[in-house]
Amino acid sequence: MRNYPTMQDIREAQKRLAPHIRHTPLLRAEKIEEAVGCQLYLKPETLQITGAFKIRGALNKALSLPRKEIANGIIASSSGNHAQGLSYAARMLGVKVILVLPVTTPKIKIANTKALGAEVILFDGDTAARWKRVYEIAEENKYATIHGFEDPMVMAGQGTIGCEILEDLEDVDTVIIPVGGGGLISGIATAIKETKPSVRVIGAEPALTPKYFHSRINKERTSFPLKETIADGLRISVPGRNPYPIIETYVDEIILVNDEHIIAGMRTLAKDAKLIAEPAASIGVGALLAGSIKVKPDEKVCAVLTGGNWDLCDLAEIYKGAESKER
């Protein structure tokens, strides 16, 4: 079995998903452009059905599986958004779903996952330990597993975002994509580079979890101890086994973004674009505000906003803290 998505996989995913998800808009963020020094477009997956892009990959995989394979149920691990996407898919298909989530998962993501009918197991351990537990439970109960970033069909579903960007902005110059496990950027980069190789693809990851950044320097997958970053959705200690070679092939640059700049991105999106984005979704705009990406005034840059599933009270505290520091 292939461990990467093809352009045909992504096109088929588009057709498979079309009746079930939103083709999210591409929004010009003119009020932010002076601060970032380019023409800025936002791809707000915050407006997706489950509030995040993850439904694309989860649903594409679930719909592609034989019915008998998922009859007993589906299980996965997630930091929250894949859990919600998979729960939505399972409810649509009428099958049981179990999600093993980190104990650090924001309460709103846990609540949203349960509201979609999932059984939630909170687990205290890193990504590898959580998945070990997932596979144990799956074997005991004959559940189907759907990995959030290693599965090629999940990557293909995420890659449909790249197709939509090229459809809506044919002359896009640069696309900035948040990097966690690597499934999202693998899918989008494949779609973009296989269709229009001249587009610059940049991955943005938290400075506190620089796994892909240092893996590129070391020319091999490099793990880092987990550190607390505000971008919980990107908090992974080791690059994905399958995404890593795809990223090395198609992604032009990987940059690191400090938490303070991620927060600045969140605040700017709320204030000037009227979009509520969680920290992981704000990292691209944060990188531009920090000057971490070289851009030109006439360059058309698209920042992918991955999700908006954070408690508004928690977001308000972050915005309030940022305002206090400015004073």
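For Tyr135, the ring-ring contact (aromatic ring centres under 6.0 Å, His included) criterion is met by Trp131, not counting sequence neighbours. Under the rule for a side chain to side chain contact (heavy atoms under 4.5 Å, CB included), Pro245 has no partner lying at least two apart in sequence or in another chain. For Asn141, the side chain to side chain donor-acceptor pair (under 3.5 Å) criterion is met by no residue, not counting sequence neighbours. With sequence neighbours excluded, the residues that form a ring-ring contact (aromatic ring centres under 6.0 Å, His included) with His214 are Phe224. For Glu136, the side chain to side chain donor-acceptor pair (under 3.5 Å) partners are Lys132, Arg133, not counting sequence neighbours. Asp252 meets the side chain to side chain donor-acceptor pair (under 3.5 Å) test with Lys193; sequence neighbours excluded.
No side-chain donor from either of Thr24 and Gln48 sits under 3.5 Å from a side-chain acceptor of the other.
When the shell of 6.0 Å around NZ of Lys227 is examined, it contains 12 or fewer heavy atoms from other residues, nucleotides or ligands.
Criterion: ILVMFWY side-chain heavy atoms under 4.5 Å apart, direct or through other members. Under it, Ile177 and Ile254 are part of a common hydrophobic cluster. Using a 4.5 Å cut-off between side-chain heavy atoms of Ile, Leu, Val, Met, Phe, Trp and Tyr, with links allowed through other members, Leu234 and Met155 fall into different hydrophobic clusters.
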Would you be so kind as to tabulate the donor-acceptor pairs closer than 3.5 Å made by side chains of residues 269-277, with sequence neighbours excluded?
residue : atom : partner : partner atom : Å
Lys274  : NZ   : Lys271  : O            : 2.6

Side-chain donor-acceptor distances from residues 236-243 under 3.5 Å, at least two apart:
residue : atom : partner : partner atom : Å
Asn242  : ND2  : Glu150  : O            : 2.9

Show the atom names and distances, to 0.1 Å, of all donor-acceptor pairs under 3.5 Å that link a side chain in residues 116-123 to residues at least two apart or in another chain.
none

Throw together a table of side-chain donor-acceptor distances under 3.5 angstrom for residues 285-296, partners on residues two or more places apart or in other chains.
none

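The side-chain heavy atoms of Glu194 and Ile10, taken from C-beta on, include no pair separated by under 4.5 Å. Considering only heavy atoms from C-beta on, Arg28 comes within 4.5 Å of Gln39 through its side chain. For the pair Leu93 and Leu63, the minimum side-chain heavy-atom distance is below 4.5 Å. Using a 4.5 Å heavy-atom cutoff, the side chains of Ile255 and Ile202 are in contact.
With respect to Thr229, the side chain to side chain donor-acceptor pair (under 3.5 Å) criterion is satisfied by exactly one of Asn258, Asp259, Thr209: Asp259.
The backbone N or O of Lys109 sits nowhere less than 3.5 Å from a side-chain atom of Asn112 that would complete a donor-acceptor pair.
In terms of heavy-atom proximity, Gly148 sits nearest to Val154 at O-CG1, 3.4 Å. Scanning all heavy atoms of the two residues, the minimum distance from Met7 to Thr190 falls at SD-O, 4.2 Å. Taking all atoms of both residues into account, the shortest heavy-atom contact from Gly159 to Ala191 is O-CB, 3.4 Å. The nearest pair of heavy atoms linking Pro44 to Leu27 is CG-CD1, 3.9 Å. The heavy-atom pair separating Ile146 from Ala76 by the smallest distance is O-CB, 3.2 Å.
Separation of atoms CG (Asn81) and CZ (Phe53) is listed at 7.0 Å; rounding is to 0.5 Å. A distance of 9.0 Å separates CD in Glu45 from CG in Leu305, rounded to the nearest 0.5 Å. Note: Thr174 OG1 to Glu299 CD = 3.5 Å, rounded to the nearest 0.5 Å.
Taking 4.0 Å as the cut-off between side-chain N and carboxylate O, Glu248 and Lys219 do not count as a salt-bridged pair.
Pairs of residues two or more places apart, or lying in two chains, that qualify as side chain to side chain donor-acceptor pair (under 3.5 Å) and include a residue from residues 153-167 are Gln14-Glu167, Lys43-Glu164, Arg56-Thr160, Arg56-Glu164. Among residues at least two apart or in separate chains, side chain to side chain donor-acceptor pair (under 3.5 Å) pairs with a member in residues 88-97 are Lys96-Tyr143.
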